[in-house]
Amino acid sequence: MKRSFLIFFVSLLVLVMGFTQVGFAQLAEDTPREKTVIADVLGGRARSPNKFNAFVTTGITSDRGIQQLMLEPLWTIEPATGEVINSLAAEGPIYNEDFTQMTVKLREGCYWSDGVPITADDVIYGIEMAMKYPGMAYHDQLNLYVDKVYKTDDYTVVFELKEPNGRFHTNFLDRWGAWRPSPKHIFEKVEDPLAFDFNPPISSGPYVLKDFDQAGYWTLWERREDWDKTPTGILYGMPQPEYVLFYYYGDATNKVIAQANHNLDSADLTLEAFRALLEQNKYSRGYRREYPWVVNIDPCMTGLMFNNDVPPYDLKDVRWALTLAIDIVDYIGIAFDGAAPMGVLHIPPMPVYQKWYYEPMEEWLKNFALDIEINGEPFKPYDPEAPFRLVEYAKERGYTVPEDPKEIKEAFGPGWWKYAPDVAEQLLLRNGFTRDDADGKWILPDGAPWKINILTSTNPAQPQHRNALAAAQQWRNFGIDVTVNTNEAVNDMVYRGNFEVGTNWPAMEPWGGHPDLYRTVSVFHSKYYKPIDEIAVSANGAPSRWKDPRMDKVIEGMERVDWDSEENLKLGMEGLKILVEEMPTIPTFGYPGVLAWDEYYWTNWPGAENPYVIPYHHWPNLKYMLPFLEPTGNK
């Protein structure tokens, strides 16, 4: 009934609004639609639209084209193909034998968009600037490890490290975020780089800024005339769209209307909105052409983040109680109508990670027990049958699902935690919580009613937002008053610890195409800990403000071994076990990217039948997709 109503409602809106919608023609009369790709902005409306300084930690909406089109990193991870792309670097990092020195060979022939060559001077100046100013991106990481940085020629940079670190290069490996070179000839003339807007920006990527909305809703980029002097052009050829417009349409209904009117080529949607769109636009498609439609190669693990410096979330029993109060089948049903793969580890249940970690750790998960007894036996919370219960949910919804257990685990995940509200109750009672006799609501140990505020994104299509809605319902069912707060400043608030429960990722995402988990666990090192009101080193994992000396040892061990070694794999498993035991954050399901592509103007999108690149328009890899899009000739 709900689905039918949405389809009817959207149909009515499309009919009424037609092409009276404030569309592309009104936005840019001198920009031909058939030469333009229009993409959604996952991060929401830009709160500081004049700011293009992506070299600071706050105030930036990077997925309005800054990271996708304007900037090139040294290296880029590509999960779809399982490779590391040498972007501004000409080859991979070169370490000495004890990992105390790293050499970077830069790609020659790359230029800033104002015609100045990109050289070692840009890298060195940018590193020294980041180390000098707190608030610059990677300030903490670089100061921890860099003793000195210098060049041996114009295209060779040498880092002398304070201590061995075989993962130092990962600070420069772009996977939605990395340290990226900035133009020395611009920033050396700036008095305060933290306050500098960098507007108009100078690009190292294949597009330059053409125009933007002062209210923050849209940003328009134009292909550089010298696109062949960028890593994108050198590696893949000319990007086919002459223009790329990032437009924040707001809620899913607006995006459905926009794509139905061919004013949005690539959009993030809810499943409900996506189904409605398929009935309105014969040119629309998903990553998969059939259910479950969603992207299954996404290396993000979504979930819930506790601020471990805010009581009562500083108690492991409380964190585990809230975990066991979740029925994961109902949870995923609320969030994505069953079309998301569940996972208990702080890495996504992608096929490669199931092979590398979930399967080798399955026996440990089955035998893992909490420090509480039920009927005289230690309680073992892992439930390998959970994905099969999710299959039953999908069948009841009328979907065709696989019957083979292996295919079920690949599509729906390998397992989750038991739904055990009775055990959750015992964990809370032994920590001084009580329940109101009248309504059964939970009371904190200090006698105040327990009220949870979940801070999340304003974008209803974002898995962060969907996690918040699902968690709120689960915990309300358990007897807690829960409020979901959306805020455009969510990332700034999370960075500074101004939240109690949030929905930023429970840990930094792994690389996706490599088993190394240093990126996932390193932000939990105690040396990165920041008290509330100070800026965390990452928006994911680190804002939980959790630390453990055992994890420190794991991270330090990783830094002293090759990332391809068997020892590194074992260290990764040990780190995952510590996270399971302590549950500082709750992983729930792998990122189920619900993409809608309109094939009216452009085809050859990287769908499941041809996954030549990670398919998202909000990822930095978009620039490497654009040379392969094909215009249809429609006008």
Side-chain angles (χ1 to χ4, degrees), residues 75-85 92 167 169-170 173-176 287-288 292 294-303 339-365 384 386-387 402 404-416 463 505-522 540-541 558 561-577 579-580 587-593 595 606-616 619-621 624:
W75 299 285
T76 305
I77 195 74
E78 180 44 71
T81 59
E83 67 176 317
V84 174
I85 298 169
R167 300 298 175 284
H169 69 282
T170 61
L173 179 56
D174 204 351
R175 190 222 161 287
W176 193 292
Y287 175 74
R288 294 177 178 273
V294 300
V295 178
N296 73 329
I297 57 171
D298 193 300
C300 287
M301 190 63 185
T302 78
M342 64 182 72
V344 295
L345 302 178
H346 284 67
I347 54 176
M350 297 166 57
V352 291
Y353 285 118
Q354 290 198 39
K355 175 184 176 182
W356 291 330
Y357 289 102
Y358 280 90
E359 291 172 9
M361 293 180 65
E362 186 171 11
E363 285 304 311
W364 181 87
L365 287 168
D404 180 74
K406 183 178 180 180
E407 293 181 14
I408 288 173
K409 288 185 177 183
E410 182 174 328
F412 297 100
W416 212 71
W505 306 150
M508 282 289 286
E509 316 95 310
W511 302 114
H514 194 281
D516 178 61
L517 296 187
Y518 181 78
R519 187 176 194 270
T520 299
V521 301
S522 62
N540 302 317
M558 287 180 166
V561 298
D562 188 278
W563 77 335
D564 289 320
S565 67
E566 185 68 23
E567 184 179 355
N568 185 48
L569 197 67
K570 293 178 180 178
L571 286 167
M573 292 183 189
E574 185 60 32
L576 293 174
K577 290 177 182 178
L579 289 170
V580 165
T588 54
F589 52 80
Y591 191 111
L595 277 177
E609 72 280 7
N610 183 27
Y612 58 86
V613 68
I614 192 79
Y616 298 128
W619 268 55
N621 307 47
Y624 305 142

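Being a predicted model, the structure only gives us computed values, none of them experimental.
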Measuring from atom [atom1] of [X] to atom [atom2] of [Y], what distance do you get when rounded to the nearest 0.5 angstrom?
X	Y	atom1	atom2	value
L569	E574	CG	CD	12.5 Å
E78	E83	CD	CD	6.5 Å
L345	M573	CG	CE	10.0 Å
W416	T588	CH2	OG1	7.0 Å
D516	T170	CG	OG1	7.0 Å
M558	N568	CE	CG	5.0 Å

So, for [X] and [Y], which heavy atoms are closest and what is the spacing to 0.1 Å?
X	Y	result
G512	P299	CA-CB, 3.5 Å
A507	N540	O-CB, 3.8 Å
G343	Y358	CA-OH, 3.6 Å
P402	E407	CB-OE1, 3.4 Å
P515	Y357	O-OH, 2.7 Å
M301	P348	SD-CA, 3.5 Å

Between R167 and V561, does a side-chain contact (heavy atoms from CB on, under 4.5 Å) hold up when you go through it step by step?
CA-CA 9 Å; R167 300 298 175 284; V561 298; 4.0 Å; yes
Are the side chain of [X] and the backbone of [Y] linked by a donor-acceptor contact shorter than 3.5 Å?
X	Y	result
Y287	N296	no
T302	F589	yes
Q354	K409	yes

Between I77, T76, I297, which is the residue that forms a side-chain contact (heavy atoms from CB on, under 4.5 Å) with I614?
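Only match with I614 under side-chain contact (heavy atoms from CB on, under 4.5 Å): I297.
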Quick one, P387 and M342 - any side-chain contact, counting heavy atoms below 4.5 Å?
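Yes, their side chains come closer than 4.5 Å.
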Within 45° of the ring axis of W511 and under 6.0 Å from its six-membered ring centre, is that where the NZ or CZ of R175 lies?
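That pair does not qualify as a cation-pi contact.
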Parallel under 30°, tilted from 30 to 60°, perpendicular over 60°: which one fits the rings of Y353 and W356?
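Judged by the thresholds at 30° and 60°, the geometry between Y353 and W356 is perpendicular.
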So, D298 and Y616: side-chain donor and acceptor under 3.5 Å apart, yes or no?
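A pair is found: one side chain offers a donor N or O, the other an acceptor, under 3.5 Å apart.
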